[in-house]
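Right, one structure below, let's go through it.
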Amino acid sequence: MENEKHLLEVHNLTKWFPVRNSIFSRQQNYVKAVNGVSFSVKYGETLGVVGESGCGKSTMGRTLLRLLEATDGAVYFKGENILTLSKKKMKEKRKDMQIIFQDPYASLDPRMTVGDIISEPLDIQTSIGRKERTEKVLAAIEMSGLNPKFVNRYPHEFSGGQRQRIGIARAIISRPQLIVCDEPVSALDVSIQAQGINLLKDLQHSLNMTYIFISHDLSVIKHISDRVLVMYLGNLVEISPKQDLFTNSAHPYTRALLSAIPSIERRGTKDKIVLQGDLPSPLNLPSGCCFHTRCFMAKEICSQKKPELQQVGKEHLCACHFC
Amino acid sequence: MLLYIAKRLCQTVFVLVGITFATFCLINIVPGDPVQVMLEKRADPEMIQQVRHELGTDKPLPEQYINFVEGAVKFDLGKSYFSKEPVMSMLLRGFLVTAKLAAISFLFAVTIGISCGMLAAIKRGKPTDSFLMMIAILGMSAPSFWIAIILQIIFGLKLNLLPLSGLDQPLCYILPSIALGTRYAASIARITRTSMLDVIKQDYIRTARAKGVKESMVFIKHALKNALIPIVTLLGTQLGNMLAGSMLIEKVFSISGIGKLAVDSMTNRDLPLVQGTVLYIAVIFVVINLIVDLSYALIDPKIRYGKGA
Amino acid sequence: MIRDNLLEVNHLKTYFYTDEGVVKSVDDVSFSVQPSRTLGIVGESGCGKSITLLSIMRLIENPPGKIVAGEILYNGENLLKKNKEEMRQIRGNNIAMIFQEPMTSLNPVYTIGEQILESISIHRPELDKGEARERALAMLKMVNIPMPEKRFNEYPHQLSGGMRQRVMIAIALSCEPDLLLCDEPTTALDVTVQAQILELINDLKKKARAAIIMVTHDLGVISEVADDVMVMYAGKVVEFATVDQIFAQPMHPYTCGLINCIPSLDKEVERLSTIPGMVPSFNEMPKGCAFAPRCSRATQRCKENMPELIDIGERKVRCFLYEGKDTE
Amino acid sequence: MKFFSFFYRKNKYIEDVAEQGIEYTSYYQDSFRRLKKNNAAMICLSVLALMVLIVIFAPWISPQDPNAQSLKDALRGPSAQYFLGTDEYGRDILSRIIYGTRISLSVGIISQVLATAIGVTMGVLAGYYGGYIDSLISRVMEIFAAFPELIFAMGIMYVLGPGVSNIFIALALLSWVSTARLIRGQVLQLKQKEYVEACIASGGASFQIIVRHLVPNCISTIIIMVTLGIPGAIMSEAALSFLGLGVQPPTASWGSMISAAQSYISLIPLYSVLPGLAIIIVVISFNIFGDGLRDALDPKLKNQ
């Protein structure tokens with residue numbers, strides 16, 4: 001069966017945040033953060049999710065793990081729709097799915113020791129003995145490249161890079177199969193960023209994990225992903241194997257994004273695509289294709305009809321009328 | 001902004017209803033029959049019955065409440081049991097005296113408080129700052145009625161400069177206003193200082209300096225307006241507390257304002273008057289806070305242009 | 001090629017006196033900027049690059065910060081000898097600065113127009129109200145803000161991050177400064193907006209003929225806008241060269257490491273090369289070269305002595321590896 | 001150093017692998033170190049400690065029975081027998097001030113402990129659960145806050161009748177709202193933190209989140225609120241007693257002493273000055289110590 005290859009299948013995932021516009025008006029408004037996104041993730045691969053701030057990529061990552069309740073859609077994790085699971089069953093499932101956060105400061109409780117932080121998933125999920133717990137914590141610390149001597153210290157004594165390693169140790173301690181990495185290296189300096197990326201790659205190999213790697217940085221995405229999903233204003237605009245996307249991008253937004261990255265290697269190239277204008281508000285999505293307000297290829301049809309995802313290459317889908 | 005105002009007005013109406021309810025409960029949960037408590041042992045059953053009928057306490061509670069709210073809205077809260085005078089006219093008379101006193105103290109507190117707070121913020125870390133803040137914490141820690149007595153002893157008795165009591169000439173206002181205003185001046189000075197220090201750390205202050213704005217203008221034009229919101233919030237609460245707090249000062253200086261009315265009514269257990277004073281002081285307090293909240297819109301464009309709530 | 005220096009910074013030292021000790025944020029930094037050139041300063045957070053800019057503007061908060069030594073020559077005059085009033089006349093007029101956070105760098109309680117006008121009215125008091133307004137609107141047009149008349153009366157919170165940064169640039173350029181200091185102007189922005197702002201800065205560079213110092217941690221940004229590049233590490237200059245030289249042939253091991261650890265868009269590598277360890281904190285600064293503990297080519301000598309900045313042609317590098325090559 | 005050890009849970013389970021001889025500093029240890037550097041706060045702390053001793057040993061250190069009347073000695077100035085003079089009933093002023101400390105401190109501390117218990121519960125409930133619970137609690141808080149402090153306290157005292165234990169209740173009802181507001185705001189912020197999300201991602205239930213993350217992170221705010229709430233309660237008690245609605249005679253309270261002394265300011269000014277000085281010393285000590293505690297524990301709270 002086709003499903004066997006996929007760890008995760010997402011159908012029409014939608015997340016709208018209600019905003020109360022006025023106490024008098026009955027009309028409910030929504031911030032449309034994620035709009036009907038469908039994709040699947042294979043065992044052991046890394047799916048990169050890229051987009052600018054406000055495109056809904058972090059919301060999507062959190063909705064996948066039910067940290068936010070989805071408005072609509074289904075998420076099949078190993079063939080089971082986790083969005084409809086009961087609280088109790090969901091709690092068991094959480095052993096298999098974890099998250100690594102962007103902010104190395106807000107993601108660690110300042111009043112807990114490093115050891116307590118890392119063992120939190122174990123403490124909640126299981127009732128193992130002290131000795132076993134100690135062993136697991138130490139193993140996780142060592143795998144994350146931290147000195148085990150640090151267990152009783154508090155987070156404020158660590159640098160951003162070390163804190164991020166603590167976050168990684170917490171995520172891997174319950175040996176999950178899926179980790180959502182939400183901009184895990186964005187807050188770090190370049191030289192530390194490379195260490196973090198290498199660590200994540202190593203762990204993926206040794207623990208056989210699947211990543212959904214969210215980032216705004218295309219070069220990081222390119223380095224770590226097998227396939228890449230591009231989002232714009234809560235919509236999936238293009239999904240493709242990495243090589244194809246970077247050499248043969250189909251959607252005009254992807255092309256603009258690629259060309260906007262200041263890069264040492266592409267220094268001096270003059271034919272840059274610079275998008276005009278700003279991101280429209282997710283409260284009032286543009287009609288038709290949500291990108292048409294800034295698109296350099298937009299024609300009349302784009303403001304009228306929403307483009308469907310079309311196959312443009314092997315496993316390469318794109319939502320544009322002209323691809 | 002309309003949305004913001006509408007929201008605040010709704011909230012205020014709700015709170016006003018809550019206040020009438022709370023005040024009503026206040027009277028009706030007093031242990032024992034309020035009329036009996038009021039008349040103490042002097043009354044025979046017939047008299048009690050008559051007073052009950054006069055006050056309307058023989059009716060069922062919900063009806064009493066509706067009558068009470070109706071009276072409150074019509075500014076008719078019955079007559080004081082002891083002086084037989086309508087409660088409203090007594091309140092009005094008292095309020096005018098208190099309002100004058102509170103207004104003068106408020107002015108005193110705001111001028112002294114904001115200027116000292118600004119000065120301390122500008123001279124942060126220097127001796128001026130420590131000195132002003134020492135004075136402020138001292139001012140916050142001294143009870144106003146005690147300050148009033150000390151002022152009486154010094155300026156009234158020892159130096160014989162200012163009148164000891166009453167409010168019959170303008171000079172009389174000096175001591176009560178200082179006594180009433182000191183504590184509030186001190187807390188305004190403290191909040192002004194912290195709010196200013198918070199604001200001058202912001203990026204836009206650095207931008208202003210980078211533009212070449214004069215240091216004095218950086219403080220007055222760029223920092224103060226941003227620092228105002230917490231200050232104005234405090235001012236609103238303080239004005240209300242000042243109206244209530246004036247009863248301590250009124251007692252010391254034998255002034256017959258609304259505070260004296262409140263204290264007397266409570267010691268005499270004069271039910272209609274207690275209801276009236278508590279209710280209307282609370283209403284004034286709520287209205288002041290409403291005005292303060294609406295004034296945010298003038299200070300903060302985020303509220304003026306719809307975003308804030 | 002000899003050019004007159006618009007700005008010359010010599011042996012600048014800016015220290016911060018904290019409870020834990022003295023932080024030498026900028027430690028003996030020297031460089032110069034010529035008219036109409038763009039100098040890029042790169043380094044990781046805490047290397048002193050932003051403090052260098054604030055020192056030039058004399059906007060270091062004192063206490064805890066203090067410029068303890070050095071000179072900053074602007075058109076030959078030492079800015080550190082100026083009094084407060086003279087310095088105020090220079091800020092915003094001859095030297096202007098834009099900051100990293102467009103969201104918080106504009107005063108939330110004044111309109112865009114008021115904030116541009118303020119700068120004009122301080123430094124061009126001879127202009128009457130109408131002229132000043134004309135000029136402010138022209139500035140908004142110049143930075144490509146659509147509907148400048150409407151935006152003029154709007155408040156910062158009504159604008160997007162990219163728009164606000166444009167307004168910051170308009171304020172900075174409103175009095176036609178000779179020198180524009182940019183402190184990570186695009187770091188807080190999205191890539192597509194960053195591309196817009198960089199395009200704008202490159203455009204203005206041609207039009208306004210101002211010299212620019214661009215501070216950033218992003219080598220990609222540097223490669224797009226800078227003429228010369230200065231690399232800083234732990235408060236010291238480690239390398240100085242033209243932009244072509246630095247990317248074609250980086251010399252200092254730190255510069256090499258920095259360039260190599262960026263994931264490439266065009267090449268495929270299995271593992272990123274890294275710089276091991278992390279920047280030493282100020283209270284455990286090594287005795288010798290600050291980079292020695294992380295450097296793969298460090299020798300015993302590097303650990304004990306701090307190398308000098310040596311000239312190699314037009315380039316400068318602070319590393320023992322290049323000793324004796326300065327005659328090249 | 002172990003001053004705050006009650007408040008944090010240090011898991012010692014990995015002690016054998018941990019670095020030996022290195023002191024791990026927790027947040028509270030750091031704060032206490034900062035507090036110890038603050039001389040003014042430490043002086044005030046010792047003044048307060050002295051006050052507590054006075055409260056405990058009042059019967060032994062006061063020279064006279066505070067309620068023993070001796071009308072022939074009424075309204076005397078300081079003498080060898082009556083160290084600070086006598087009041088209108090010839091009672092020893094010094095002894096009455098010493099006994100007044102008991103009232104003031106107990107009112108301050110007990111009412112604030114009660115207020116904190118109510119305030120923290122309400123604040124956590126409103127902040128964490130949101131929705132209708134939040135709306136309900138917030139509306140109740142608005143109504144409580146709609147009365148000026150003194151009028152509110154007077155109203156409650158009117159209902160309950162005078163007496164020390166009723167003052168506890170009145171002042172607790174007066175001050176729980178500010179605690180609840182602050183805690184609610186803080187919980188709303190903490191709820192957004194990623195470590196709370198991490199706890200949910202590991203399957204943590206509401207109770208676990210509150211106990212593991214929210215409450216421990218609110219403790220410093222709670223300590224600060226109690227410390228800075230006590231002087232306010234002491235002032236309110238003095239005001240109520242001054243107005244005759246608080247502690248009733250013959251019990252000695254600083255507020256009622258000032259009230260009585262007011263009639264004799266020309267005769268014996270010391271009588272009204274001294275109880276006021278006592279109030280100032282206690283209140284200022286709590287204020288300065290509380291400020292120091294706030295700076296040490298949570299500098300961000302300064303604006304609240």
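All chains are named by letter (A, B, ...) in the order of the sequence lines, taking the proteins before the strands, and each is independently numbered beginning at 1.
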Checklist entry - Between A:K314 and A:D244, is there a side-chain N and carboxylate O pair less than 4.0 Å apart? => result no
Next on the checklist: Tell me whether A:Q164 contacts the main-chain N or O of A:F101 through its side chain, where contact means a donor paired with an acceptor under 3.5 Å.
Outcome noted: yes
Item to check | C:T186 portion near chain A, given a 4.5 angstrom heavy-atom threshold | outcome: neither
Item to check | Proximal component of C:I262, with respect to chain A [non-hydrogen, under 4.5 Å] | outcome: side chain
Next on the checklist: Quick one: does any side-chain atom of A:N147 pair with a main-chain N or O of A:K149 as donor and acceptor, under 3.5 Å?
Outcome noted: yes
Next on the checklist: So for C:E44, is it side chain, backbone, both, or neither that comes closer than 4.5 Å to the heavy atoms of chain A?
Outcome noted: both
Checklist entry - So which of A:I224, A:L218, A:D202, A:L279 has the biggest tally of heavy-atom pairs under 4.5 Å with chain C? => result A:D202
Checklist entry - Given the options A:I192, A:D217, A:V274, which has more heavy-atom pairs under 4.5 Å with chain C than any of the others? => result A:V274
Checklist entry - Around atom NZ of C:K24, are there more than 12 heavy atoms of other residues, nucleotides or ligands at under 6.0 Å? => result no
Checklist outcome for this item: Assert top hit (heavy-atom pairs under 4.5 Å, partner chain C, pool A:G160, A:S159, A:A260) equals A:A260
Item to check | From CA spacing to verdict: side-chain contact (heavy atoms from CB on, under 4.5 Å), C:L54, C:F99 | outcome: CA-CA 10 Å; C:L54 289 174; C:F99 299 97; 4.3 Å; yes
Checklist outcome for this item: Per-residue tally against chain A (heavy atom, under 4.5 Å) across C:M163, C:E199, C:H217 peaks at C:E199
Checklist entry - Side chain, backbone, both or neither: which part of A:L275 has a non-hydrogen atom closer than 4.5 Å to chain C? => result both
Item to check | Aromatic ring pairing A:F291/A:H251, orientation class (parallel under 30°, perpendicular over 60°, tilted between) | outcome: tilted
Checklist entry - Mind checking whether C:V167 and C:V143 have side chains closer than 4.5 Å, heavy atoms only? => result no
Checklist entry - Under 3.5 Å, side chain of C:D218 to main-chain N/O of C:G220, donor-acceptor pair present? => result yes
Checklist entry - Using a heavy-atom distance cut-off of less than 4.5 Å, which residues of residues 225-237 of chain A contact chain C? => result none
Checklist entry - Closest approach of A:T293 and A:C290, non-hydrogen atoms and distance? => result OG1-O, 4.2 Å
Checklist outcome for this item: Ranking A:R294, A:K222, A:K242 by heavy-atom pairs under 4.5 Å to chain C gives rank one to A:K222
Next on the checklist: With chain A as the partner, which of C:T192, C:I275, C:T274 has the greatest number of non-hydrogen pairs under 4.5 Å?
Outcome noted: C:T192
Checklist entry - So which part of C:Q196 gets closer than 4.5 Å to some heavy atom of chain A, the side chain, the backbone, both or neither? => result both
Item to check | A:V220 versus chain C, the contacting section by heavy-atom distance below 4.5 Å | outcome: both
Item to check | Distance-only polar pair, side chains of C:S160 and A:D278, donor-acceptor under 3.5 Å | outcome: yes
Checklist entry - With a 4.5 angstrom heavy-atom cut-off, which part of A:N198 approaches chain C: side chain, backbone, both or neither? => result both
Checklist entry - Between the main-chain N or O of C:A241 and the side-chain N or O of C:E314, is there a donor-acceptor pair closer than 3.5 Å? => result no
Checklist entry - Have C:D190 and A:S53 got a donor and an acceptor in their side chains that come within less than 3.5 Å? => result yes
Next on the checklist: So for C:L258, is it side chain, backbone, both, or neither that comes closer than 4.5 Å to the heavy atoms of chain A?
Outcome noted: side chain
Next on the checklist: Is the ring pair A:Y154/A:H156 parallel, tilted or perpendicular, if the boundaries are 30 and 60 degrees?
Outcome noted: parallel
Next on the checklist: Can you tell me which portion of A:Q162 sits under 4.5 Å from chain C's heavy atoms? Options are side chain, backbone, both or neither.
Outcome noted: side chain
